[in-house]
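Predicted model, so just to flag it, every value in this text is computed and none were measured. As the structure lists them, so they are numbered: ligands from 1, and atoms in each ligand from 1.
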Amino acid sequence: MGCEIIDGSRIAGKILAEAKRQVEGFSPKPCLAILLVGDNPASVLYTNKKIEDCAKVGILSRVARLPASSSKDRILGELKKLNEDGSVDAILVQLPLPASIDEEEILGAISPEKDVDGFHPQNFGQAALGIGQLLPCTPAGVVRLLKESGISLAGKHAVVVGRSRIVGKPLAFLLLNESCTVTICHSKTRDLPSHTKRADIICVAVGKPKTLTADMVKKGAVVVDIGINREGEKLVGDVDFGPVSKKASLITPVPGGVGPMTRAMLIQNTIKCYLMRRR
Ligand code: NDP
């Protein structure tokens, strides 16, 4: 049996079309504010893409830009204004912040009900407990992608490679809440292949090309590639796609897999923030 490539762009398109229909019925329109500190080209690009996505579905957006040299107090001051602004439904702090700024302190200062990325400790904790409303976008996108692809999760052994605060760790909790048996691997894990080879589902979020090679994968496994790496002009994931796809039963491509789902989940969370504020 051949390997099926999961079309994240198609599934995300379906979610965005549904969001557009929903937003058509809203007045006033939801508003997403993005706080962008500095001018890191990748951050500027991602911010612009988020603004485009908002426009496509009829969500208003605005960008609060601060120079890279901004002090912690200046960033906190800007966040306070956005927290208190009644016309703003959802707030996103574009990461990474300049190295001198304590990311945790800034994320913790976003009003939890406007925390569209689900990064505030309150939302993170609720997501881990399985009672979250605002789930972090990439992990939520991965779970949705798996479900939309017809994969039953309960009882499956899922191995998550990477334990970052924004991807690996919350994804492990979301999969656990779906009754997967979860193993989390990271840079200190001994003998990574011994874990991945036992997995029914492997999710890789490391940020290094070819972290997962074919010899590390059980035949028929489902492989979700979350990594985004630039190789010259090309974008590649963390999975050695060609050889791994010969062993996997389903696999996500890069680009066109998890990335579009992350963007679709951001739109969905913006709508959730909007509706929660009006309950
Ligand atoms: P981080 O750098 O924050 O985390 C990387 C994780 O990988 C860490 O937990 C680290 O372990 C682990 N790691 C590093 N080397 C190894 C190794 N050799 N074996 C096993 N684990 C290892 O990255 P992010 O989680 O923020 O992002 C990961 C990737 O996902 C990046 O390529 C990023 O661009 C991409 N990404 C994609 C998104 C999408 O929408 N598709 C959204 C967000 C991110 P340790 O904790 O021990 O250091």
Looking at non-hydrogen atoms alone, which of [options] comes nearest to [atom]?
atom                    : options                        : result
atom 7 (O) of ligand 1  : Val206, Thr196, Thr262         : Val206
atom 28 (C) of ligand 1 : Pro96, Ser164, Ala205          : Ala205
atom 46 (O) of ligand 1 : His186, Arg163, Arg165         : Arg163
atom 48 (O) of ligand 1 : Ser187, Gly227, Pro209, Pro260 : Ser187

Looking at [Y], is its backbone amide N or carbonyl O close enough to the side chain of [X] to form a donor-acceptor pair, meaning the two atoms are under 3.5 Å apart?
X      : Y      : result
Tyr46  : Leu95  : no
Asp225 : Pro253 : no
His120 : Gly108 : yes

If we only count N/O pairs under 3.5 Å, is [X] in contact with ligand 1?
X      : result
Lys208 : yes
Ile228 : yes
Ile226 : yes

- Message: Working note: Asn269 + Asp117, criterion side chain to side chain donor-acceptor pair (under 3.5 Å); need CA distance, chi angles, decisive distance, verdict.
- Response: CA-CA 8 Å; Asn269 274 358; Asp117 261 335; over 6 Å; no
- Query: Is Asp102 atom CG crowded by more than 12 heavy atoms from other residues, nucleotides or ligands, each under 6.0 Å away?
  - Reply: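 Yes, the 6.0 Å shell around CG holds more than 12 heavy atoms from other groups.
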Looking at [atom], what's its closest protein heavy atom, distance included?
atom                    : answer
atom 42 (C) of ligand 1 : Thr138 OG1, 3.2 Å
atom 27 (O) of ligand 1 : Val167 CG2, 4.4 Å
atom 31 (C) of ligand 1 : Gly207 CA, 3.6 Å

- Item | From Val223, Thr252, Val161, residue fulfilling side chain to side chain contact (heavy atoms under 4.5 Å, CB included) relative to Val239 |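 Exactly one pass, corresponding to Val223.
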- Message: Can you pull out every side chain to side chain donor-acceptor pair (under 3.5 Å) where at least one residue sits in residues 52-64? Sequence neighbours excluded, please.
- Response: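 Sorted pair list: Asp53-Arg263, Arg62-Asp85, Arg62-Ser87.
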Please could you name the atoms of ligand 1 that [X] approaches to less than 4.0 Å, counting only its heavy atoms?
X      : answer
Val161 : 20 (C), 21 (N)
Gly259 : 40 (O), 41 (N)
Ile166 : 26 (O)

- Message: Rounded at 0.5 Å granularity, tell me how far CD1 in Ile11 sits from OG in Ser149.
- Response: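 Taking CD1 in Ile11 and OG in Ser149, the distance rounds to 4.5 Å.
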- Task: Answer with yes or no whether the hydrophobic clustering places Val224 together with Leu175; edges join I, L, V, M, F, W, Y residues whose side-chain heavy atoms lie under 4.5 Å apart.
- Result: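 Yes, Val224 connects to Leu175 through the hydrophobic network.
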